[in-house]
Participant: 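Before anything else, here's the structure in question.
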Amino acid sequence: ETGVTQTPRHLVMGMTNKKSLKCEQHLGHNAMYWYKQSAKKPLELMFVYNFKEQTENNSVPSRFSPECPNSSHLFLHLHTLQPEDSALYLCASSRGVLSEKLFFGSGTQLSVL
Amino acid sequence: DQQVKQNSPSLSVQEGRISILNCDYTNSMFDYFLWYKKYPAEGPTFLISISSIKDKNEDGRFTVFLNKSAKHLSLHIVPSQPGDSAVYFCAASAQGGSEKLVFGKGTKLTVNP
C-alpha cells in the first residue's frame, strides 16, 4: 500500500454538482495538506491540517471545503465549482508542519464542465 | 510575483551525460531548499534538500549546489539515466515549516537513451 492514497484519480463534474475528494495516509504523520496544481503554474497550497486542526487556509474560495476527521484522513468537498477550478489536486502529509519533507499522493485530475 | 523561479520549462540530455537543473529565488529569508521529482500520473516525491548553512549536498548521483549571493541553486544529475526523465520542482521555505513552502513551476527533464 502506498504511503498517501487519493481517490478518485479522475473526476469530471458539472458546475452544479457536489463531489468529494478523499485522501488517506498510512505513514503515521500528523500534518496533511491540499495542494492545487494548474497548468503552467506552481503548486499552490490550499489547506493545512496539523493534528486534525486547520492551521492554514490560503485564501481559498468557500466552494472548496476541507474536512479532517482524524490525522490519517483528509477530504476536500467541492460544490458549485467553476471551469477555472479544473486542475490536479494533490494531497500530502508530513511528520509535522515543521517538516518541509512532504509525501504526496498521486492526485485527482479534476475537470469542471 | 514568483519567489521561486525555474526559467527552463524543459531540458533534454543524452544518457550518461550531466543534467543541470536551475532554480532562482528572490526572497533572501529562504533558508531551506528542496527538490522534488514527479513522474506522470504520480505525485511529487522528495529528492534532495539543502540548508542555507551549506553550499553543497550530495546523495548518490544527485548533488544540489546553493549560491546564496546569487540566490541560485542547481541540481546536478550525473550520470543521467532514462529513468530520471520527470518533472523536477524546486521548493524553498523561510524559517522552517511546510506551511511556508514555495514551489517553482517545474522543469521537465528528458534523458534520451
Participant: Heavy-atom count around B:Lys68 NZ within 6.0 Å, excluding the residue itself: above 12?
Facilitator: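 Above 12, so yes.
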Participant: Quick one: closest heavy-atom pair of A:Leu90 and B:Pro44, and the distance?
Facilitator: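 Between these two residues, the closest heavy atoms are CD1-CD, 4.0 Å.
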Participant: Side chain, backbone, both or neither: which part of B:Gln6 has a non-hydrogen atom closer than 4.5 Å to chain A?
Facilitator: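 No part of B:Gln6 comes within 4.5 Å of chain A.
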Participant: Quick check: closest heavy atoms across B:Phe89 and A:Gln37, and the distance to 0.1 Å?
Facilitator: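 Smallest heavy-atom distance, with atoms named: CZ-NE2, 3.2 Å.
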Participant: Are B:Ile50 and B:Ile48 connected into the same hydrophobic cluster when the rule is that any two of I, L, V, M, F, W, Y join if their side-chain heavy atoms are below 4.5 Å apart?
Facilitator: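 As far as the 4.5 Å side-chain criterion goes, B:Ile50 and B:Ile48 are connected within one cluster.
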Participant: Do the side chains of A:Tyr49 and A:Phe75 join up, straight or via other hydrophobic residues, at under 4.5 Å, putting them in one cluster?
Facilitator: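 No, separate clusters.
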Participant: Below 4.5 Å, heavy atoms only, C-beta onward: do B:Phe46 and A:Phe104 meet side chain to side chain?
Facilitator: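 SC-SC contact between B:Phe46 and A:Phe104 ruled out.
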Participant: Measuring centre to centre across the rings, with the benzene-like ring taken for any Trp, is A:Tyr35 within less than 6.0 Å of B:Phe103?
Facilitator: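 Aromatic pair counts; centres sit under 6.0 Å.
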Participant: Quick one: do B:Phe30 and A:Leu45 end up in the same hydrophobic cluster if we chain Ile, Leu, Val, Met, Phe, Trp and Tyr together by side-chain heavy atoms under 4.5 Å apart?
Facilitator: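 Per the 4.5 Å side-chain linkage, B:Phe30 and A:Leu45 are not co-clustered.
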Participant: Can you hop from A:Val60 to A:Leu110 via hydrophobic side chains spaced under 4.5 Å?
Facilitator: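 Cluster IDs for A:Val60 and A:Leu110 match.
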Participant: Among B:Lys105, B:Gln3, B:Lys5, which residue satisfies the side chain to side chain contact (heavy atoms under 4.5 Å, CB included) criterion with A:Pro42?
Facilitator: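 In the set B:Lys105, B:Gln3, B:Lys5, the residue that makes a side chain to side chain contact (heavy atoms under 4.5 Å, CB included) with A:Pro42 is B:Lys105.
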Participant: Name the region of A:Gln109, side chain, backbone, both or neither, that has any atom closer than 4.5 Å to a heavy atom of chain B.
Facilitator: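 Nothing of A:Gln109, per the 4.5 Å heavy-atom cut-off to chain B.
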Participant: Does any backbone or side-chain atom of A:Leu43 lie under 4.5 Å from a heavy atom of chain B? Answer side chain, backbone, both or neither.
Facilitator: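 Both backbone and side chain of A:Leu43 come within 4.5 Å of chain B.
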Participant: Counting only heavy atoms not in B:Arg17, do more than 12 fall under 6.0 Å of its CZ?
Facilitator: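 No, because the 6.0 Å sphere around CZ of B:Arg17 holds 12 heavy atoms or fewer from other groups.
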Participant: Roughly how far apart are A:Ser106 OG and B:Lys38 NZ, rounded to 0.5 Å?
Facilitator: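 Here the interatomic distance stands at 8.5 Å.
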Participant: So which part of A:Leu102 gets closer than 4.5 Å to some heavy atom of chain B, the side chain, the backbone, both or neither?
Facilitator: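 Its backbone and side chain both get close to chain B.
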Participant: Chain B heavy atoms under 4.5 Å from A:Ser94: which part of the residue, side chain, backbone, both or neither?
Facilitator: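 For A:Ser94, the side chain is the part near chain B, not the backbone.
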Participant: How about A:Glu100 and B:Ser93: does a side-chain donor come under 3.5 Å of a side-chain acceptor?
Facilitator: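 Indeed, the side chains of A:Glu100 and B:Ser93 share at least one donor-acceptor pair under 3.5 Å.
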Participant: Do you know which of B:Pro9, B:Ser49, B:Ala41 has the most heavy-atom pairs under 4.5 Å to chain A?
Facilitator: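 The answer is B:Ala41.
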Participant: Is A:Phe64 reachable from A:Met15 through a run of hydrophobic residues whose side-chain heavy atoms are each under 4.5 Å from the next?
Facilitator: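 Same cluster: A:Met15 reaches A:Phe64 through Ile, Leu, Val, Met, Phe, Trp or Tyr contacts under 4.5 Å.
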Participant: Check each atom of A:Lys41 against the heavy atoms of chain B and say whether the ones under 4.5 Å are side chain, backbone, both or neither.
Facilitator: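 Only the backbone of A:Lys41 comes within 4.5 Å of chain B.
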